[in-house]
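Okay, so here's the structure we're looking at.
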Amino acid sequence: MSASAAVAEGRAVFADSFDTWRSAARDLLAHGIAPHQVQWTEVEGGGDLFAMAAPAGRGDAVEHATPGPPFQLQVSRALMELLQTAACCRVPDRWAFLYRVLWRWQHGEHDVASPADEDGARLTGMAKAVSREIHDMHAYVRFRERAPEAGPPRFVAWFEPQHDVLPQVAEHFRHRMGGATWMIATPAATVMWDGTTLHSTGPLLTGAAAIEDAGEALWLTYYRSIFNPARLNTQVMQGHIPSRFWKNLPEGAIVPAMVTEAANGARRTGQAQAVGQRKGRTVPVAPESAQPERDEPSTLDQCRRCDLWKNATQGVPGEGAKRARIMLVGEQPGDQEDIAGHPFVGPAGQLLERAIARAGLDRKKLYVTNAVKHFKWEPRGKRRMHKTPAQREVDACRYWLEGELASVRPQVVVALGSTALKAVLDNPGATLKESIGEPFMHDGRWVVATYHPSFALRVPDAEAREQAFDAIVVALERARQLGAP
Ligand code: URA
């Protein structure tokens with residue numbers, strides 16, 4: 001039934017693609033049916049996708065499709081292209097709106113094609129949104145290669161477009177992918193290239209996870225190799241790749257780590273340059289001793305149990321004697337520890353060294369670690385100020401402390417401060433006040449709780465600082481006695 005006949009019977013006019021809309025619109029215009037008389041209804045998933053992609057002709061001679069009064073309308077090519085592009089924009093009233101535009105044009109209102117007109121502005125906006133989506137799909141569709149025995153298509157991609165741009169995108173990839181067979185699946189439709197013809201069907205897959213991932217490792221290797229930390233601008237990157245695309249990009253999983261590595265690299269380079277500019281004697285160093293020996297990167301570097309890794313230079317593992325009888329546990333690495341990669345090397349570490357020596361212990365025979373292995377900080381001017389870790393971060397990091405306790409098997413654990421005590425006892429309610437100075441057994445080993453060395457540095461009054469220092473020394477002496485063979 002023609003569109004005009006449907007209207008005459010008081011029924012809705014159906015459109016499922018630009019082509020069906022265009023032929024209905026011709027018929028309605030030929031019969032002089034005004035936009036307010038037509039009720040347009042969208043047919044989901046119908047129509048031939050590739051009919052929508054057919055290029056608009058050189059000015060469209062609109063003729064009546066059903067017998068009626070002689071009728072011809074010349075629509076400018078520019079307007080027809082705009083209508084065709086805007087038709088891909090998923091707005092609920094798209095067919096009715098496009099018909100209003102066409103109607104106005106036919107009635108001499110050629111301003112309707114101009115962005116200065118209210119309808120023209122909307123039309124242009126819809127076309128722009130569609131062009132953006134096409135561009136995004138060209139940039140962010142990622143094909144995964146399937147196992148050869150799975151048969152065609154060789155490459156499969158999943159994407160969730162916001163507008164109906166699959167046909168245009170399919171044309172693009174038909175040229176780009178040469179003779180390889182491929183399929184792009186979306187929630188609304190699927191297109192397939194069999195090497196000679198494009199086919200379209202309804203939705204076939206239910207998400208990115210349904211796609212076999214044979215090509216993922218290859219893609220990640222490629223992405224890593226083209227990633228240039230020197231040119232990294234995260235703001236631009238995030239601006240260019242909106243977050244809704246990241247979840248379906250295979251590189252989405254590795255980009256945060258690469259960004260952090262790049263930031264750390266930049267920080268180290270900056271520090272090296274600053275040090276290089278300092279005055280001083282130049283001491284020639286043999287190349288083999290210029291590179292300090294480093295351990296292989298530990299799995300701690302890959303830790304993502306909480307978010308602290310994001311802003312830290314590196315994870316700082318515990319260190320010391322592998323079978324130490326006494327283990328000292330602090331809170332978390334500080335600014336200097338974060339850069340050096342070793343625990344207690346900054347001001348708190350120096351105070352601790354003095355207390356260790358005063359207590360008659362030898363640091364080399366101890367094992368020194370922290371409850372939390374990444375530096376938590378907040379910027380204050382140019383400085384990175386220590387921020388106490390949250391309980392969830394302490395809990396997340398207990399995995400590493402437990403590993404250290406299991407491997408070192410110390411007889412005595414000295415908890416330096418309340419975060420350390422909570423972590424050692426695995427008790428968020430534990431307080432220093434309850435256990436300070438009085439060793440007790442926990443999990444088959446002695447626990448001695450005392451102040452954190454930073455407390456003995458920070459406390460404003462000199463006498464209190466001295467008392468705190470003495471208390472740390474006493475705790476270490478108790479540990480020495482309890483850990484004696
Ligand atoms: N404070 C800590 O708790 N640990 C360190 O390693 C340094 C400072």
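Throughout, numbering of the chain's residues begins at 1 and tracks the sequence. In each ligand, atom 1 is the first atom listed, and ligand 1 is the first ligand listed.
Taking only nitrogen or oxygen atoms, main chain and side chain alike, Glu331 reaches within less than 3.5 Å of ligand 1. Distances between N or O atoms of Phe344 and those of ligand 1 include at least one value under 3.5 Å.
Distance CD/Glu477 to CG/Leu361: 8.5 Å, rounded to 0.5 Å.
Although no hydrogens or angles enter the test, the distance criterion places a donor-acceptor pair under 3.5 Å between the side chain of Gln332 and the main chain of Lys376.
Contacts of Gln332 with ligand 1, taken as heavy-atom pairs under 4.0 Å, involve the backbone alone.
Near Gly334, with a cut-off below 4.0 Å to any heavy atom, the atoms of ligand 1 are 7 (C). Residue contact check: Gly330 has heavy atoms under 4.0 Å from atoms 3 (O) of ligand 1. Here is the list of ligand 1 atoms found below 4.0 Å of a heavy atom in His452: 1 (N), 2 (C), 3 (O).
Judged by the 6.0 Å distance and 45° axis criteria, Arg122 is positioned over the aromatic ring of Phe97.
Partner of Gln162 under the side chain to side chain contact (heavy atoms under 4.5 Å, CB included) criterion, chosen from Arg132, Glu133, Met137: Glu133.
Salt bridge status for Lys373 with Glu404: present, with a side-chain N to carboxylate O gap under 4.0 Å.
Among all non-hydrogen protein atoms, the one lying nearest atom 4 (N) of ligand 1 is Asn370 OD1, 2.7 Å.
Aromatic ring pairs are classed by plane angle as parallel below 30°, tilted from 30° to 60° and perpendicular above 60°; the pair Phe155 and Phe143 is perpendicular.
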